[in-house]
Amino acid sequence: MLAHDVARLLDEMGTLLELRGENPFRCRAYHTAADAVRGVGGDLHDLIASGKLDEVPGIGETIQAKVIQLVTTGRIDALEELRERMPPGLVALLRVPGLGPKKIKVLHETLAITSLADLRRAAESGAIAGLKGFGAKTQQKILDGLDFVESAGDRILQSTALRLVAPVVEAVRAAPGVERVEVCGSLRRRVETIGDLDVLFAAVDPAPVLDRFVALPEVAGVLAHGPTKASVRLAGGVQCDLRGVTPDQFPFALHYFTGSKAHNIVMRRRAIARDLRLNEYALEGPDGPVPCRSEAELFEALGLHFIPPELREDQGEFELAERGPIPPLIERGDLKGTFHCHTDWSDGGNTLLEMAEAARGRGLAYLGIADHSRSAGYANGLSIDRVRRQWDEIDALNEAFGRAFRLFKGIECDILPDGSLDYPDEVLEGFDYVVASVHSSFGQAREVMTDRIVRAARHPLVTMLGHPSGRLLLRRDAYAVDLDAVIDAAAEAGTMIEINANPHRLDLDAAHARRARDRGGLLVINPDAHSTGGLDDLEFGIGVARRAGLRPGHVLNSASLSDVTRRLRTCRGDD
DNA sequence: GCCGTTTTCGGCCCGACTGTTTTCAGTCG
């Protein structure tokens with residue numbers, strides 16, 4: 001059983017206990033255990049078999065027994081009991097902003113509310129306003145919250161978040177008295193999808209800035225508005241929180257609001273262990289505050305080297321930062337080129353020359369063209385004849401570029417349902433490299449799909465695997481596939497794996513990219529660009545790579561043109 | 001329910017904002 005699935009059930013267990021009004025620390029223990037299991041990742045059978053489960057911090061005797069029962073029998077008796085005693089619709093009420101376990105418990109016990117529909121009926125009839133601890137405002141807030149739950153999706157893409165937050169940051173920066181503005185939260189950590197937007201600013205007097213913020217034209221509704229903090233709903237439904245602190249407090253607040261929550265809890269515990277107290281405003285010791293002018297100084301005060309925001313998930317970054325300086329993670333400027341770009345030869349919007357010029361304009365020294373292969377009829381895939389004509393055009397362009405720039409001849413070759421490739425070997429041999437991707441028969445059984453991709457990974461003419469899980473963020477789950485097995489096979493065969501940087505994909509994800517790195521595999525950051533502007537998506541791939549802890553040496557396209565040329569030849573067995 | 005360089009019992013991150021209160025509980029991040 002996968003760690004992800006175990007974690008989900010442990011979370012459910014914690015939530016149901018909360019709704020029953022159990023000891024909050026007992027409830028939290030289940031959520032902590034769920035996070036711990038997520039951190040372990042992979043398949044839990046191995047961990048249990050090796051007896052290492054009880055070494056995982058946050059999993060004690062009781063929860064360990066439940067996890068073992070779950071993995072061996074497929075169920076947790078205690079969870080089944082809770083589910084039986086708890087109306088299934090109750091958990092959904094937690095999604096209504098302003099409703100937590102305590103209020104839901106009261107609503108359930110006094111008004112017999114067990115679903116969102118019950119809640120709406122009760123609020124509209126006015127029954128909620130009369131309850132002890134509730135009032136007319138709470139009732140209205142519940143109605144607004146129900147509208148929100150029913151209309152809005154949960155999360156947004158990073159690319160959407162950046163577009164939404166930009167005007168807010170600009171407006172805050174322009175406000176009188178503002179000295180610094182930073183985006184914090186999951187967006188600064190570059191999490192794949194974003195729940196809400198967190199913006200922090202420094203000003204001697206934050207209140208007037210917040211007054212301006214809630215009056216911005218982008219704001220559709222104000223959820224809370226105080227002298228140091230305001231929360232609004234932007235047009236489109238996304239929540240945006242703005243916090244103001246004084247310049248002295250800024251480094252502490254920047255760290256605190258960047259999170260993650262799990263990372264912050266460890267930081268606070270480290271402070272306590274040193275007889276210090278950390279909050280979002282200061283680090284306090286017995287002899288008064290410990291001044292820090294930057295996040296780096298805060299980490300230093302707690303015995304740590306600087307931890308980049310992308311690693312702050314309590315997933316091993318503390319051990320790293322205790323040992324010594326964390327080696328620089330890969331940056332956009334490290335990329336010398338990229339592979340997997342489309343042109344108007346298949347379903348791209350720009351010509352070969354336009355794509356090449358756009359790449360040069362972005363400081364790249366080479367660009368790999370990987371249009372669709374012949375089976376991809378929907379995408380105007382290239383027949384063998386058209387492949388050869390594209391090669392001729394690329395040769396002519398390369399001649400014109402001279403040493404200044406180089407186009408590589410690649411192909412995004414479909415992995416057919418049986419794991420074979422879309423061209424015969426004698427055609428594949430003519431490319432500089434081959435990206436192998438799945439574009440059909442997504443519904444295959446897990447074993448079949450895994451064997452299919454593993455077979456492609458082992459094909460001697462396949463250079464790299466494209467978007468290996470097939471997921472589309474917020475739209476389509478990954479197809480059923482054992483990615484760990486694919487990663488292991490690719491590493492063994494010397495086949496690289498793409499980090500597809502398209503913000504809709506981000507595939508591989510960071511956790512699997514880290515595994516690939518640990519298995520000795522090489523990764524490639526590819527934009528899957530279908531237009532010149534798509535080349536800018538490389539930055540999203542950099543985000544994934546940094547979250548995976550990748551350095552330039554782990555990524556093929558951080559290599560220079562001459563090195564890459566040599567490596568591609570080696571892959572093909574030409575040397 | 002978990003955990004231990006204060007501890008095997010008694011803690012568990014903590015501050016802002018809101019609404020319902022008349023001093024605070026609940027929610028949120």
Side-chain angles (χ1 to χ4, degrees), chain A residues 10 13-14 17-19 21-36 53-67 78 93-107 128-142 144-145 184-187 189 194-200 206-207 210 214 222-232 239-245 249 252-253 255-284 302-303 314:
Chain A
L10 288 175
M13 185 107 199
L17 289 169
E18 280 166 20
L19 290 172
E22 290 289 337
N23 177 339
F25 297 108
R26 186 180 166 217
C27 305
R28 189 187 301 165
Y30 281 93
H31 295 302
T32 306
D35 288 341
L53 184 59
D54 61 354
E55 289 174 20
V56 179
I59 299 179
E61 215 174 315
T62 310
I63 293 185
Q64 187 188 177
K66 291 188 167 72
V67 170
L93 302 188
L94 281 167
R95 281 161 46 209
V96 179
L99 284 190
K102 299 272 170 56
K103 284 207 170 84
I104 291 173
K105 188 160 184 277
V106 172
L107 290 169
I128 290 175
L131 295 177
K132 186 172 163 57
F134 292 73
K137 284 198 172 178
T138 304
Q139 182 168 271
Q140 186 55 47
K141 206 173 160 187
I142 287 172
D144 294 343
C184 300
S186 48
L187 192 51
R189 301 201 312 280
I194 307 298
D196 57 18
L197 305 169
D198 296 294
V199 180
L200 174 72
L210 291 159
V214 298
V222 179
L223 303 170
H225 179 196
T228 66
K229 172 190 169 171
S231 293
V232 303
Q239 185 174 328
C240 178
D241 295 343
L242 182 67
R243 304 281 300 231
V245 296
Q249 296 167 332
F252 303 100
H255 174 269
Y256 179 86
F257 292 114
T258 296
S260 66
K261 200 171 167 184
H263 171 93
N264 284 355
I265 288 173
V266 175
M267 286 290 279
R268 285 202 158 144
R269 291 206 179 119
R270 288 185 74 94
I272 290 167
R274 287 166 174 72
D275 201 20
L276 300 167
R277 283 164 56 86
L278 175 65
N279 61 29
E280 59 261 59
Y281 304 114
L283 182 64
E284 303 267 2
L302 296 179
D314 188 23

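Throughout, a chain's letter reflects where its sequence line sits, starting with A, and its residues are numbered from 1.
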**Asked** When rounded to the nearest Å, what value does the distance between P atoms of B:dC2 and B:dT18 take?
**Response** 37 Å
**Request:** Look through every strand shown and name the nucleotide pairing with B:dT8 as Watson-Crick or G-U wobble, where both distances are under 3.5 Å.
**Result:** none
**Message:** Taking any heavy-atom pair under 4.0 Å as a contact, classify A:K141: base, sugar-phosphate, or nothing.
**Reply:** nothing
**Request:** Have a look at A:N23 and say if it touches a base, only the backbone sugar-phosphate, or nothing, with a 4.0 Å heavy-atom cut-off.
**Result:** base
**Whole-angstrom distance between B:dT23 and B:dC28, as gauged at atom P** = 26 Å
**Request:** Sticking with atom P, work out how far B:dT20 lies from B:dG10, rounded to a whole angstrom.
**Result:** 39 Å
**Complete:** The glycosidic conformation of B:dT5, counting syn as within 90° of 0 and anti otherwise, is anti
**Prompt:** Which part of the nucleic acid does A:P227 contact within heavy-atom distance under 4.0 Å: base, sugar-phosphate only, or nothing?
**Reply:** sugar-phosphate
**Prompt:** Using atom P of each nucleotide, how far apart are B:dC17 and B:dC12 to the nearest Å?
**Reply:** 24 Å
**Prompt:** Just the endpoints, please: which first and last nucleotides of DNA chain B, 5' to 3', lie under 4.0 Å from a heavy atom of chain A?
**Reply:** B:dG1 to B:dG29
**Message:** Regarding A:F134, tell me which of base, sugar-phosphate or nothing describes its non-hydrogen contacts under 4.0 Å with the strands shown.
**Reply:** sugar-phosphate
Would you list the atom pairs, donor with acceptor, under 3.5 Å between side chains in residues 263-272 of chain A and any protein atom, with sequence neighbours excluded?
{"unit_1": "A:H263", "atom_1": "ND1", "unit_2": "A:E317", "atom_2": "OE2", "d": "2.9"}
{"unit_1": "A:H263", "atom_1": "NE2", "unit_2": "A:H255", "atom_2": "NE2", "d": "3.0"}
{"unit_1": "A:N264", "atom_1": "ND2", "unit_2": "A:Y256", "atom_2": "O", "d": "2.8"}
{"unit_1": "A:R268", "atom_1": "NE", "unit_2": "A:L278", "atom_2": "O", "d": "2.6"}
{"unit_1": "A:R268", "atom_1": "NH2", "unit_2": "A:L278", "atom_2": "O", "d": "3.4"}
{"unit_1": "A:R270", "atom_1": "NE", "unit_2": "A:L302", "atom_2": "O", "d": "3.1"}
{"unit_1": "A:R270", "atom_1": "NH1", "unit_2": "A:E322", "atom_2": "OE2", "d": "2.7"}
{"unit_1": "A:R270", "atom_1": "NH2", "unit_2": "A:L302", "atom_2": "O", "d": "3.0"}
{"unit_1": "A:R270", "atom_1": "NH2", "unit_2": "A:E322", "atom_2": "OE2", "d": "3.3"}

**Prompt:** Taking the same atom, P, in B:dA16 and in B:dT22, what whole-Å distance lies between them?
**Reply:** 24 Å
**Message:** Work out how far the P atom of B:dT8 is from that of B:dG15, and round it to whole angstrom.
**Reply:** 28 Å
**Request:** Using the P atom as the reference point in each nucleotide, state the distance between B:dC13 and B:dC3 in Å, no decimals.
**Result:** 13 Å
**Prompt:** Base, sugar-phosphate, or nothing for A:A282, non-hydrogen atoms under 4.0 angstrom?
**Reply:** nothing
